[in-house]
Amino acid sequence: MDTLKISPSTQLPDHTQLPCEDGSFVKNFQEHPQSILLTESIWSKLQTIHPDKQFCIGQDSGIYWRITEPPEKGAEAPDWFYVPDVPPALNGQMRRSYVMWQELVAPLIVIEFVSGNGREERDETPYQGKFWVYEKAIRVPFYGIYEEKKSSLELYHLIEGQYHLMPPNARGHYVIEKMGVELGIWQGTYKNVELPWLRWWDLEGNFLLTGEEQAEQEKQRADKLAAKLRELGVEFDD
């Protein structure tokens, strides 16, 4: 499969004209909630970083980086990615995909969830392997490979055009200064399932919570305060 040769007069397709899926299945039931967890927990942080709301997040969405036939062969679809400083919609429409020749701004980070043996996520075959495409073609500054079965995370940083495996900090997390966060693995319960989950922390090591977790935390605080006041003889109306 080769890149198509395009004449100068040819109009390149945009996100509304390119396939938004290739018919493949999500490989396991953890991938969907894992993507939601990453998005929900970092959403308020990104709104702080981008008061103009100019950013977007993709989950299993195609990043088109070259013209091919069929078109979807010229795309990679990371399980999760974040692009700073771009509008969340184009011409009043949600993106069906992220098109590099239309957008020009590369994602800051892409994350792949390993379902098999990890060979696909580490494939450096030119023009074909995910690792090669993210490193050499799209040039994503941070590339994460998460293996739930091994409870392991590899985070690569693009330096002078080449990926370098990042060392974890003392907390076992990986620092992404530009986002003001740390990325790591948390063993806990999310959506009624106890597993190792990929999560965000701030640079002080504090959890970035989802809205649901924040509401539950506030409820627990209110319940503790009410119990303490009752001990002091303060009564509450039902």
> Report the relative orientation of the aromatic rings in Tyr64 and Trp101; use parallel for angles under 30°, tilted for 30 to 60°, perpendicular for over 60°.
perpendicular
> I would like to know whether Ser41 and Arg199 meet side chain to side chain contact (heavy atoms under 4.5 Å, CB included); could you show each step before the answer?
CA-CA 8 Å; Ser41 58; Arg199 295 208 57 155; 4.2 Å; yes
> How are the rings of Trp65 and Tyr127 set to each other: parallel, tilted or perpendicular (split at 30° and 60°)?
parallel
> With the side chain counted from C-beta on, respond yes when Val140 and Leu158 share a heavy-atom pair under 4.5 Å apart, and no when they do not.
no
> Could you tell me whether the side chain of Pro33 reaches within less than 4.5 Å of the side chain of Tyr190, counting heavy atoms only?
yes
> Does one hydrophobic cluster hold both Leu195 and Ile185, with members joined at side-chain heavy-atom distances below 4.5 Å?
no
> Does Arg139 make a cation-pi contact with Tyr134, if we ask for NZ or CZ under 6.0 Å from the ring centre and within 45° of the axis?
no
> Yes or no on side chain to side chain donor-acceptor pair (under 3.5 Å) for Glu120 and Ser115, after CA distance, side-chain angles and deciding distance?
CA-CA 10 Å; Glu120 181 181 351; Ser115 294; over 6 Å; no
> Under 4.5 Å between any side-chain heavy atoms of Val83 and Leu108, yes or no?
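The answer is no; the side chains never approach within 4.5 Å.
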> With the side chain counted from C-beta on, respond yes when Glu121 and Glu154 share a heavy-atom pair under 4.5 Å apart, and no when they do not.
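They are not in contact (no side-chain heavy atoms under 4.5 Å apart), so the answer is no.
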> Taking the basic N atoms (NZ, or NE/NH1/NH2) and the acidic carboxylate oxygens, is any pair closer than 4.0 Å for Glu212 and Lys191?
yes
> Show your working on side chain to side chain contact (heavy atoms under 4.5 Å, CB included) between Glu194 and Gln187 and close with a plain yes or no.
CA-CA 7 Å; Glu194 165 130 8; Gln187 181 71 37; 3.5 Å; yes
> Determine whether the side chains of Glu182 and Asn169 contain a donor N or O and an acceptor N or O closer than 3.5 Å.
yes
> Does the side chain of Ser152 reach to within under 4.5 Å of the side chain of Tyr146, using non-hydrogen atoms?
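No - every pair of side-chain heavy atoms lies 4.5 Å or more apart.
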> Please tell me whether Trp132 and Tyr156 are part of a single hydrophobic cluster in this structure, the criterion being side-chain heavy atoms less than 4.5 Å apart.
yes
> Give a yes or no on whether a salt bridge exists between Asp223 and Lys219, defined as a side-chain N under 4.0 angstrom from a carboxylate O.
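The answer is yes: the pair qualifies as a salt bridge.
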> Would you kindly confirm whether Phe142 and Leu153 end up in one hydrophobic cluster when ILVMFWY residues are joined by side chain heavy atoms under 4.5 Å apart?
yes
> Under 3.5 Å, is there a donor on one side chain and an acceptor on the other for Gln214 and Glu218?
no
> Do the side chains of Leu209 and Val181 join up, straight or via other hydrophobic residues, at under 4.5 Å, putting them in one cluster?
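In one cluster with Leu209: Val181, no.
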> Hey, are Lys130 and Glu76 close enough for a salt bridge, meaning a charged N less than 4.0 Å from a carboxylate O?
yes
> Under 4.5 Å between side-chain heavy atoms, hopping through other hydrophobics if needed: is there a path connecting Trp43 to Ile176?
yes
> Is there a donor in the side chain of Thr39 and an acceptor in the side chain of Trp80, or the other way round, less than 3.5 Å apart?
yes
> Does this structure show an ion pair linking Lys136 with Glu124, if we count only N-O contacts that are shorter than 4.0 Å?
no
